[in-house]
Amino acid sequence: MTARLIDGTALSKQMRAEIAERTQALTAIGLRPGLAVILVGDDPASQVYVRNKVKACSEAGFHSVLEKYDATLSESELLARIEALNEDPAIHGILVQMPLPRHIDPQKVIATISTQKDVDGYSVQSAGELLTGLPGLRPCTPYGCMKLIESIGYDLRGKHAVVIGRSNTVGKPMALLLLQAHATVTICHSATPDLAVHTRNADVIVAAVGRRNTVTRDMVKPGAVIIDVGMNRNDEGKLCGDVDFAGVSEVAGAITPVPGGVGPMTITMLLSNTLEAAELAAAPGGVAPGQ
Ligand code: NAP
């Protein structure tokens, strides 16, 4: 392996220690950051995700609330619960774990969360803020990818970044964040005829597809920075990304592993967003809950 390893576990640890310190300072003045996590139904993967989020909150010193509801919860009951949390001054971030049962419209749910408490950064308002370069809460996974790139001191200005994937939660916000950092950005997707034509010219590749071996050694320019968002299983059932790590790390300049790269950063950025929301609410002229 010649590529430098971009260690998301180590960066997460360092960032979470800083978050815990800032949390202590806020708590000392009576403004402990608070996150409410709502889980509807009993999807096993979602249960693990929310457990990890709540655990990370308590380790950082946050106030956290986990509300679990039966899959039969009605849409109007869920919306009413979110509205109550919007008004709760002890809660600075609201996260509704996806996917939701089919009878609940996720767009309506996201739209009901107050923009100031939208710590997932999924609302149309948050997306608009990102698109127009206004301050706001950024989607956790792409925001974490930016921190990983920053952590190696890489200057994106004038570089060619290729994002593979165009989902609203990863690919599109990722491209916008890279653009904001002055990269020249290409977005590829399932209708892109020849992915390699684009990736071979890339200084930075962010793979967010959900298909292993989407990026192989022959598709990478020597020295490129590779951020692997994908979460897949290999034939042995082991977690792997979208990038052929063994092959690509022979030519890349820097690369994130899976696991231990982007994954840990997603929860860290959730904590960071919640802390930021609490600090903003506490600032003079800060937005009071429900406004
Ligand atoms: P998604 O909504 O399924 O989007 C996948 C994207 O990949 C789509 O835009 C799709 O294009 C594109 N795509 C599919 N096949 C392709 C191909 N052969 N060539 C080029 N593009 C292709 O998934 P997502 O939510 O963005 O997540 C992507 C991956 O990241 C998944 O593995 C997910 O588990 C992982 N993830 C990890 C974290 C983390 O914390 N580590 C967080 C979020 C997601 P079309 O739009 O044309 O269909």
Side-chain angles (χ1 to χ4, degrees), residues 1-16 18 138-167 170-189 192 194-232 234 238-266 268-269 272:
M1 170 164 173
T2 57
R4 171 178 178 182
L5 196 74
I6 311 177
D7 186 343
T9 306
L11 180 60
S12 261
K13 201 170 162 202
Q14 181 200 323
M15 285 187 71
R16 288 189 200 190
E18 287 160 12
R138 306 306 190 212
C140 299
T141 301
Y143 193 15
C145 294
M146 292 302 286
K147 293 287 173 191
L148 287 164
I149 297 171
E150 243 175 62
S151 76
I152 57 164
Y154 189 83
D155 184 6
L156 284 160
R157 179 178 286 271
K159 299 295 195 315
H160 181 208
V162 170
V163 179
I164 318 173
R166 57 173 166 179
S167 68
V170 188
K172 279 186 208 156
M174 186 72 236
L176 288 169
L177 287 168
L178 290 163
L179 191 62
Q180 215 167 60
H182 310 294
T184 301
V185 183
T186 301
I187 307 175
C188 300
H189 45 78
T192 303
D194 189 350
L195 197 55
V197 164
H198 304 281
T199 58
R200 276 194 204 113
N201 279 315
D203 301 303
V204 177
I205 299 174
V206 181
V209 174
R211 200 191 63 162
R212 67 191 164 111
N213 293 331
T214 296
V215 179
T216 49
R217 181 193 171 120
D218 57 305
M219 296 167 72
V220 173
K221 178 163 105 172
V225 173
I226 313 293
I227 306 292
D228 192 352
V229 183
M231 280 200 311
N232 314 295
N234 65 16
K238 276 194 186 159
L239 195 64
C240 68
D242 290 343
V243 177
D244 166 29
F245 183 85
V248 171
S249 56
E250 298 286 326
V251 285
I255 186 167
T256 59
V258 179
V262 176
M265 290 303 290
T266 297
T268 299
M269 299 325 291
S272 172

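Note that this is a predicted model, so its numbers are computed, not measured.
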Find out whether Phe245 and Cys240 are in side-chain contact, i.e. whether some heavy atom of one side chain is under 4.5 Å from a heavy atom of the other. no

Closest contact, heavy atoms only, Val229 versus Cys145: CG2-SG, 3.8 Å

Would the distance check show the side chain of Thr184 and the main-chain N or O of Gly158 forming a donor-acceptor pair, the cut-off being under 3.5 Å? no

Any side-chain to backbone donor/acceptor pair from Thr256 onto Asp228? Under 3.5 Å, distance only. yes

Walk me through it: do Met15 and Met265 pass the test side-chain contact (heavy atoms from CB on, under 4.5 Å)? CA-CA 9 Å; Met15 285 187 71; Met265 290 303 290; 3.7 Å; yes

With rounding to the nearest 0.5 Å, note down the distance linking CD in Gln14 to NZ in Lys147. 10.5 Å

Residue pair Ile226 / Ala252: nearest heavy atoms and the distance that separates them: CG1-CB, 3.7 Å

Do you know which of Asp7, Thr268, Thr266 makes side chain to side chain donor-acceptor pair (under 3.5 Å) with Ser12? Thr268

Between Thr2 (side chain) and Ser249 (backbone), is there a donor-acceptor pair under 3.5 Å? yes

Which distance, rounded to the nearest 0.5 Å, do you find between the CG of Asn201 and the CE of Met219? 12.0 Å

In chain order, what residues pass the salt bridge (Lys or Arg N to Asp or Glu O under 4.0 Å) check against Asp244, with sequence neighbours excluded? none

Between NE2 of His198 and CZ of Arg200, what distance do you get to the nearest 0.5 Å? 11.0 Å

Which atom of Ile152 lies closest to which atom of Ala254, heavy atoms considered: CD1-CB, 3.8 Å

Of all heavy-atom pairs linking Met146 and Ala181, the shortest is CE-CB, 3.8 Å

Would you give the length of the straight line joining atom CG of Leu178 to atom CG of Leu156, rounded to the nearest 0.5 angstrom? 6.0 Å

Looking at Ser167 and Val170, would you say the former's side chain and the latter's main chain have a donor-acceptor pair under 3.5 Å? yes

Can a donor-acceptor pair be found, under 3.5 Å and without considering hydrogens, that links the side chain of Arg138 to the backbone of Gly144? no

Rounded distance [0.5 Å steps], CD1 in Ile205 versus NE2 in His160: 9.5 Å

Say whether, by atom type as modelled, one donor and one acceptor occur between the side chain of Asp242 and the main chain of Val209 under 3.5 angstrom. yes

Is Thr216 reaching over with its side chain to a backbone N or O of Asn213, donor-acceptor style, under 3.5 angstrom? no

Spacing of Asp155 atom CG and Asp203 atom CG [to the nearest 0.5 Å]: 11.0 Å

Heavy atoms of Leu148 and Ile6 approach each other most closely as O-CG2, 3.6 Å

Between Gly165 and Ile187, the two heavy atoms sitting closest are O-CG2, 3.8 Å

